[in-house]
Amino acid sequence: MSRYNPKEVEPKWQQAWSEAKAFETKDDSAQKKYFVLEMFPYPSGRIHIGHVRNYAMGDVIARYKKACGFNVLHPMGWDAFGMPAENAAMQTGSHPAKWTRSNIEIMRDQLKQMGLSIDWSREFATCDPEYYVHQQRMFLDFWKRGFAYRKESMVNWDPVDQTVLANEQVIDGKGWRSGAPVERRTLSQWFFKITDEADDLLAALDDGRLAGWPENVRTMQKNWIGRSKGLEMKFRFVDGTNAPTGQKDGIEVFTTRPDTLYGASFVAISPDHPIAAALAQNDSGLAGFIAECQKTGTSEEAIEKAEKRGYKLPLEMAHPFDDRKLPVYVANFVLMGYGTGAVFGCPAHDQRDLDFARKYDLPVPPVVLPQDADPTTFTIENESYVGPGAIYNSDFLNGLDTKEAIAKAIAKIEEMGLGKGTTQYRLRDWGVSRQRYWGCPIPAIHCEKCGIVPVPEKDLPVILPEEADFSVPGNPLDRHPTWKHVDCPECGAKARRETDTCDTFVDSSWYFARFASQPESKPVDPKIADYWLPVDQYIGGIEHAILHLLYARYFTRMMKQSGYLTVDEPFANLFTQGMVVHETYRDEKGNWVLPEDVIIEKGTARRLDDGSSVKIGPIEKMSKSKKNVVSPEAIAAQYGADAARWFMLSDSPPERDVEWTDSGVEGAWRLINRVWDTVSAGASAAQNVDLSKPNVTDADKPLRQATHSAIAGITDDIEHFRFNKAIARVYEFLNALKKADKGAGDWAKAEALSALARLISPFIPHLAEECWAVLGGKGLVCDAPWPIADRELLAKDELMIGVQVNGKRRGEIAVAADADKDTVEQVALSDETIKRHIDGLTIRKVVVVPGRIVNIVAN
RNA sequence: GCGGACGUGGUGGAAUUGGUAUACACAACAGACUUAAAAUCUGUCGAGCUACGCUCAUGCGGGUUCAAGUCCCGCCGUCCGCACCA
């Protein structure tokens, strides 16, 4: 018996699949479809073990669904635009396109070596002009429809790298790459009006449209959208107040607690509020205060520690309901980005306002009385009261509960013409402008006379210039000698091309639709896209729970409203898989050490080269910086792709993190050999069996039961994404096969092996093909139908059920599966062991749960 | 602070609706084969005890139930997300 050799077997079957075009999918609308998609990779250079886990999961689903008779679409492509390519260009001088293309070549080969059932004929990269031309086409469409627009917005500007930074790229007020203090700048940028869809994006999370999504992702999106209902209202300047010129007659504030309006004791505005800026022009103290506020970091920690601070303005506001005059402060805790950038302070019922009021010695009038509190003695000390209660000290609101008072206060303010009830979102419009080279150019032209005009459709695509200078920071498109100089398409005068490119999240917001249908002349053919969409199963990392998944949901809505698609939710079922983690190692000098350079014996680790001791650190997400990575190529070279795939799916539930261990992959390798040994030992007998002509005896029953319960169990486990359990059942089946082997006839053995080959094929497809071939199976196992469990065999004639006395398990009895309760009770009561336990006791009650358990209550 | 998830052997984990807790694997130990090792195969493997059996074990403390890892209440701990959001 020859040892299984994946180095020969795996490439052989990969070629066979490719030659048979086994996974090339037809747009056959007569057949029921299944679209399975894993989040497409960024071509960073090589695939990592996390990719293997992600794609192995998708491949199990894809191969299983194909075997079940679905028309399966399982495509692959490349999220190819983005910063790393440009950084590489800056560091090594290699052009981003060249760098990206060569990474794609390498990674495509690596993925093919994993034996994934992918329709490679649909492959594309987002940096292909054939892809992004349609993105530009849609951009123009969205612009025309008002979904895309330009506005001035405050950005983090890195003066050294000459670029806009995302909030996550600002660390302690400094650029993450350059280390230079970040400036705030106002730039005119392109935005998508995602806030227009906020309500529907939110509603779909709850109304069943996303029933196939994990609860935690839906919750995260809900919080991210962050809807709150309240009142937007104006506080008027007191007569005689010297209001800044250009300002209207008051300050707009937003509140969710208009019921506490009588508790107001000040008004506070954000340091970024236009009124603050206007007053700062003639007040250097204020200007200094604002500058200081802007310096404080936006990190969690900085916010936690930041003291509530304010700067009193020479303004006074009139209380809307009585004749109090309220002071106005610029306060560091008021955010310009939420609501109107101004609030009224109600210290008794808001902790921040209370901290502020104590510091600046402002009044703290309570207006909400907790239940059972005494109105004459209730006071606020250092903790505000934010709970429910009855309104008091509040004239026309007195006696109402919070909810009623909110409604009445809003009605009153509306009646007074000072404001109206509104809904606020935490979600901001999606800024898509990036001042980078390696992205999809935004198809617009700036003309002095005509303003910003769209690039005419006949001039699309706007293609990136091949030559560009990456030697200095900044946007290579902006400083390109010729690219941006064009004539205005409307008046013909000299004009300037838009040099912003799209956020790469735009590229990944519709790629799934392009996989479904890729006509030359338009983004998608609606009829074909309609057949394939939505994606039936989407699989990816939890790190995309908010941004990518929200943007794709929004983009799909824009596409629907523009007539490209008919679905509004792109992903019917979402699965977020866990990470691959590994121990970390550091040598005596504190340097990180690669696992392949470490040898571990009896719990102590040392370097492989010089034998010096190595400290084993915590198990963490694999990262290049901590060197706790393993190379999928090395694993595949040693054990084959099947072993790597098998191990990635065994042990841990798919949604949880899995720890990579050498013993784990060795265990997978053992399994592969066990399967091969079992199958090749039975192959010659099986080849002579005609499975279509059953030939069984009673002696075959144990084996056939093992076979059919394996089929039933593994099917159910795959359907429910329990790959670790499915794998455990394969082991159980193998164990049972070995035990039952001797008594069973050739037909039952052949049936078992045939089922085994098909059951493992989603997980370890190369070995499955090899087994299928030696067993004499027809064609390829990847084209073979999924085995079907015989229900009759699953129903056992006799069951072993537990017997409890007073809730404690005391014995076990064998009863016929269809025995009635009385019979079961009699068998239990006459069991010798049970008799001993109830000896001398009076039986009060006997609970019989058919097929499960008997419990005798006695004392 | 708000929201969510989780807590079971030496380890990863299983236990469908409340119904025989610890499937399956890893590690460990013993044995077979071998001159030897590796590989492979067989067996043992929650803890304790006065061991043919009994007692105790699913983070801790209560509760409901004939029966609780599972349901309810209160703690403790770990992880994740969001956060001066008015």
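What you see below is based on every heavy atom in this structure, not just the backbone, and it leaves out hydrogens, waters and symmetry mates. Note that the structure is a prediction, hence the values are computed from the model and not measured. Chain letters run A, B, ... following the sequence lines, proteins first and then strands; every chain starts at 1.
In this structure G19(B) sits in a base pair with C66(B), meeting the Watson-Crick or G-U test at under 3.5 Å. Pair assignment for A5(B) gives U78(B), based on Watson-Crick or G-U wobble hydrogen-bonding distances that are each under 3.5 Å. Base pairing of A25(B) is made with U11(B), judged by Watson-Crick or G-U wobble geometry with both donor-acceptor distances under 3.5 Å. Here A30(B) sits opposite U42(B) as a Watson-Crick or G-U wobble pair (both hydrogen-bonding atom distances under 3.5 Å).
Listed nucleotides: G12(B), C66(B), C24(B). Nearest to the side chain of Tyr731(A): C24(B).
Looking at heavy-atom distances under 4.0 Å, Arg674(A) makes contact with sugar-phosphate atoms alone, never a base. Among the protein residues, Ser650(A) comes within range of no part of the nucleic acid, since none of its heavy atoms lies under 4.0 Å from any strand. The residue Glu812(A) sits close to a base: some heavy atom pair falls under 4.0 Å. Residue contacts shown for Asn724(A) are limited to sugar-phosphate atoms, with no base heavy atom under 4.0 Å away. The residue Asn855(A) sits close to a base: some heavy atom pair falls under 4.0 Å. Residue Val857(A) is classed as a sugar-phosphate contact, given heavy-atom separations below 4.0 Å to backbone atoms only. Residue Val730(A) is out of contact with every strand shown, counting any heavy-atom pair closer than 4.0 Å. The residue Arg844(A) sits apart from the nucleic acid: no heavy atom pair falls under 4.0 Å.
Under the 4.0 Å criterion applied to side-chain N and carboxylate O atoms, Arg227(A) and Asp199(A) are assigned as salt-bridge partners.
Using atom C1' as the reference point in both G59(B) and C79(B), the two lie 15 Å apart (nearest Å). Comparing A25(B) with U35(B), their C1' atoms are spaced 34 Å from each other, to the whole Å. Only the C1' atoms considered, G53(B) is 43 Å distant from A38(B), to the nearest whole Å. Spacing of C1' atoms, A21(B) relative to U70(B), comes out at 11 Å, to the nearest Å. For the P atoms, the distance from A23(B) to G46(B) is 8 Å, rounded to whole Å. The gap from the P atom of U64(B) to that of C72(B) amounts to 16 Å, rounded to the nearest Å. Between A15(B) and G19(B), the two P atoms lie 12 Å apart (nearest whole Å).
Contact between the side-chain N/O atoms of Arg670(A) and the OP1/OP2 oxygens of A25(B) is not found at any separation under 4.0 Å. Note on Arg722(A): every side-chain N or O is 4.0 Å or more away from OP1 and OP2 of U16(B). Neither OP1 nor OP2 of A86(B) sits under 4.0 Å from any side-chain N or O of His349(A). Within the structure, a side-chain polar atom (N or O) of Asn735(A) is placed less than 4.0 Å from OP1 or OP2 of A25(B). A sub-4.0 Å separation between OP1 or OP2 of C80(B) and a side-chain N or O of Asn216(A) is absent. Taking 4.0 angstrom as the limit, Arg656(A) places a side-chain polar atom (N or O) nearer than this to OP1 or OP2 of G13(B). Not one side-chain nitrogen or oxygen of Lys808(A) sits closer than 4.0 Å to the OP1 or OP2 atom of C66(B). Taking side-chain N and O atoms only, Lys725(A) has a distance below 4.0 Å to OP1 or OP2 of A15(B).
With rounding to whole Å, Arg810(A) atom CZ is found 13 Å from U20(B) atom C1'.
Residues Thr833(A) and Leu335(A) each lie close to RNA chain B; by heavy-atom proximity, the contact nearer the 5' end of the strand is made by Thr833(A). The residue among Glu215(A) and Gly339(A) whose nearest nucleotide of RNA chain B is located toward the 5' end is Glu215(A).
Below the 3.5 angstrom threshold, one finds a donor paired with an acceptor across the side chain of Lys308(A) and the base of C84(B).
Taking the six-membered ring where the residue is Trp, the centroids of Tyr639(A) and Phe647(A) are separated by 6.0 Å or more.
Between Phe266(A) and Tyr329(A), the ring planes lie perpendicular to each other; the angle is over 60°, past the 30° to 60° tilted range.
Put simply, the side chain of Ser270(A) never gets that close to the backbone of Leu335(A): no donor and acceptor are under 3.5 Å apart.
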Can you check salt bridge (charged side-chain N to carboxylate O under 4.0 Å, His left out) on Arg218(A) and Asp206(A), steps first, answer last?
-> CA-CA 8 Å; Arg218(A) 284 187 291 168; Asp206(A) 276 330; 5.3 Å; no

Sequence neighbours left out, cut at 3.5 Å: what donor-acceptor pairs do the side chains of residues 709-716 of chain A make with other protein atoms?
{"from": "Ser709(A)", "atom 1": "OG", "to": "Gln705(A)", "atom 2": "O", "distance (Å)": "3.3"}
{"from": "Thr715(A)", "atom 1": "OG1", "to": "Ile711(A)", "atom 2": "O", "distance (Å)": "2.6"}
{"from": "Thr715(A)", "atom 1": "OG1", "to": "Trp786(A)", "atom 2": "NE1", "distance (Å)": "2.9"}
{"from": "Asp716(A)", "atom 1": "OD1", "to": "His720(A)", "atom 2": "ND1", "distance (Å)": "3.4"}
{"from": "Asp716(A)", "atom 1": "OD2", "to": "Arg722(A)", "atom 2": "NH2", "distance (Å)": "3.0"}

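Other residues, nucleotides and ligands place more than 12 heavy atoms under 6.0 Å from the NZ atom of Lys359(A).
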